[in-house]
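Proteins get letters first, then strands, A, B, ... in listed order; numbering begins at 1 in each. Just so you know, these numbers use all the heavy atoms, side chains as well, and skip hydrogens, waters and symmetry mates.
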2 protein chains.
Amino acid sequence: MVDENIEKVSIPSLRRLPLYYHYMKILKKRKVDYVSSTKIAEKMNLTPIQVRKDLSITGVKGRARVGFNIKDALEKIEEFMGWKDKKDGILVGCGDLGSALLGYNNFKNYGFEIVAGFDVDEKITGTEIHGKRIFPIDRMENLCKRLHIKVGIICVPSKSAQKVAERMIDSGIEAIWNFAPAALEIPNDIALHQEDMAASLTILFKKHRKNR
Amino acid sequence: MVDENIEKVSIPSLRRLPLYYHYMKILKKRKVDYVSSTKIAEKMNLTPIQVRKDLSITGVKGRARVGFNIKDALEKIEEFMGWKDKKDGILVGCGDLGSALLGYNNFKNYGFEIVAGFDVDEKITGTEIHGKRIFPIDRMENLCKRLHIKVGIICVPSKSAQKVAERMIDSGIEAIWNFAPAALEIPNDIALHQEDMAASLTILFKKHRKNR
DNA sequence: GAATTATCGATAAAAAATTATCGATATAAA
DNA sequence: TTTATATCGATAATTTTTTATCGATAATTC
Ligand SMILES: NC(=O)c1ccc[n+]([C@@H]2O[C@H](COP(=O)([O-])OP(=O)(O)OC[C@H]3O[C@@H](n4cnc5c(N)ncnc54)[C@H](O)[C@@H]3O)[C@@H](O)[C@H]2O)c1
Ligand SMILES: NC(=O)c1ccc[n+]([C@@H]2O[C@H](COP(=O)([O-])OP(=O)(O)OC[C@H]3O[C@@H](n4cnc5c(N)ncnc54)[C@H](O)[C@@H]3O)[C@@H](O)[C@H]2O)c1
């Protein structure tokens, strides 16, 4: 069921589901057992209908006049979002942002783990950051192929991003998470998610202007 | 014209525009003067029609058989995205991620500047991180009101996020950029943009699965 | 200089996402 | 026990977003 739906779910829904999840996590800690779509919607300025539709894709069933069982819903969201499948990745560019991500121990809650970092800077390579070993970039291909790593995170300056992406692809990486504000030119069988602070800022300011 | 359109532009368009921008920046560096929607679309796996529609909202005009003047387009995107208006913000939680953001000198290209950091940790307060002064959290209200700061970034652990958000609102903050994976309960006249790694990861993996 | 082609912008059509409607159901109140 | 009410899920309607069509135009080729 999950396998059918994951193809059909919209990106906006995928962005909203974690919000419901975070909220229900809080309620669970407060020993609340049930929550209605109305209540969730109120908190996030959405309609109850949309919340129900989003939740329905995970397969969770609510009860009329009662709402959704929080334990069930959390379970179903985790399952649907794929946070229960374990995936390993590597990170290239262990500077300020890269180091923060290497130490982000929340990734494990989403089934993801960064197993190693890579860099060109010899002051960094050979060391550990937040307990993760940092290798020279030349070791990437070998390590990724040996460990069958398919996910790569790019945290290098923009001007190096394209080169790093190509090297990742040569190393067998199939999914790239790019934090550099650069338009990567890559084959379209490689999955790419662009993390864009410029877009985020603009969206925030747009909402702000609308509120005034 | 920008003022009319900003209300109407879709979030997906807002996320795509920076991609075109990054790409055109590269072309400009290569001394290319014009680029067609076809070429842009090819690079990013979109349709030329969508690229044209997105660009049209910025007000930039293309020329048949030639494409878009890159210098003009960059200018129009900057203007439309509001990257030319200067906005100041503060950041709360100067740990790993917060420090990286404090040092992110690309924000200025988007018209944004973090003027100060706040934290509860007395080992950090009073110091500077990447040249930005870090104050104890109790100073936030005074400083924000005095400098008319309206934008706040949350980089504290999830469990403190709600409290920090409320304090920001008391300090006159009207737009919150939240990096903590927590559902904030705030009045709906406060703009909120939630940065969600869980959503990003899921979107990336979804694309990856589709490609295989 | 005429024909061909790439591209644009406007408008129309199609697809996707959101919102509304409504009968069913479970709890609470009368 | 009966009535009122909150909420669900399914389906329908609406709105938004994406994609297609097509005439106009500017560069290139013949
Ligand atoms: N700092 C932030 O908060 C932030 C936020 C969003 C996006 N970004 C983007 O993330 C990227 C990294 O930012 P940062 O602030 O961490 O920069 P940084 O300078 O602190 O780190 C960059 C690291 O990449 C390494 N590097 C450079 N070229 C390399 C290559 N070819 N191969 C391997 N490693 C290489 C450097 O040695 C350095 O360690 C940039 O593209 C930046 O625009 C940063
Ligand atoms: N590290 C990452 O790469 C990353 C990525 C995405 C999201 N996040 C989120 O960003 C937040 C910060 O992550 P981090 O890794 O930088 O954590 P961190 O522990 O390194 O930093 C947290 C900082 O917040 C301060 N703090 C705690 N409570 C506070 C309060 N009430 N007021 C002011 N300051 C307070 C702490 O003193 C510390 O300096 C977390 O919510 C995390 O989930 C982190």
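You'll find that the side chain of A:Lys53 is closest to C:dT18, out of D:dT18, C:dA26, C:dT18. Comparing C:dC8, D:dT7, C:dT19 by their closest approach to the side chain of A:Ala64 singles out D:dT7. Nearest to the side chain of A:Val66, among C:dA26, D:dA27, C:dG9, sits C:dA26. When distances run from any side-chain atom of B:Ser10 to the nucleotides C:dT18, C:dA26, D:dT17, the shortest one goes to D:dT17. Nearest nucleotide to the A:Ile49 side chain, out of C:dT21, D:dC8, D:dT21: C:dT21.
B:Arg65 contributes no side-chain N or O that forms a donor-acceptor pair with the base of D:dA26 under 3.5 Å.
Whole-Å rounding puts the B:Leu14 CG to D:dT16 P distance at 16 Å. Distance, B:Asn45 CG to D:dT18 C1': 16 Å, rounded to whole Å. With rounding to whole Å, A:Leu55 atom CG is found 14 Å from C:dT18 atom P. To the nearest angstrom, P of D:dT17 lies 16 Å from CG of B:Leu46. Look at CD on B:Gln50: it is 13 Å from C1' on C:dA15, rounded to the nearest Å. Atom C1' of nucleotide D:dA26 and atom CG of B:Asn69 are separated by 15 Å, given to the nearest angstrom.
A distance below 6.0 Å separates the ring centres of A:Trp83 and A:Tyr21. Ring to ring, B:Phe107 and B:Tyr110 are not that close: their centroids are 6.0 angstrom or more apart.
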Using a 3.5 Å limit on both pairing distances, list the dot-bracket string of DNA chain C from the 5' end; Watson-Crick and G-U wobble pairs count, crossing pairs take [ ], interstrand pairs take |. ||||||||||||||||||||||||||||||

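Counting heavy-atom neighbours within 6.0 Å of A:Lys145 NZ, excluding the residue itself, gives a total above 12. For NZ of B:Lys29, the number of neighbouring non-hydrogen atoms (other residues, nucleotides, ligands) closer than 6.0 Å is 12 at most. At most 12 non-hydrogen atoms from other residues, nucleotides or ligands lie less than 6.0 angstrom from NZ of B:Lys71.
In this structure, B:Glu174 does not pair ionically with A:Arg209, as no charged nitrogen and carboxylate oxygen lie closer than 4.0 Å.
Annotation: the span from A:Ile173 atom CD1 to A:Met140 atom CE amounts to 7.0 Å, rounded to 0.5 Å.
B:Arg63 comes within 4.0 angstrom of the backbone, heavy atoms only, and of no base. A:Pro48 comes within 4.0 angstrom of nothing in the nucleic acid, heavy atoms only. Residue contacts shown for A:Lys61 are limited to sugar-phosphate atoms, with no base heavy atom under 4.0 Å away.
Across residues 25-41 of chain A, not one residue has a non-hydrogen atom less than 4.0 Å from an atom of DNA chain C.
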Stepwise, does the side chain to side chain contact (heavy atoms under 4.5 Å, CB included) test hold for B:Ile203 with A:Arg15? CA-CA 8 Å; B:Ile203 292 167; A:Arg15 290 190 193 274; 3.9 Å; yes

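Here the side chain of B:Thr202 pairs a donor or acceptor atom with the backbone of B:Ala198 at under 3.5 angstrom. Judged by distance alone, with hydrogens and angles left aside, the side-chain atoms of B:Glu166 form no donor-acceptor pair with the main-chain N or O of B:Glu185 at under 3.5 Å.
Between A:Arg52 and A:Ser13, the one whose closest nucleotide on DNA chain C sits nearer the 5' end is A:Ser13.
OP1 or OP2 of C:dT18 lies within a sub-4.0 Å distance of a side-chain N or O belonging to A:Arg16.
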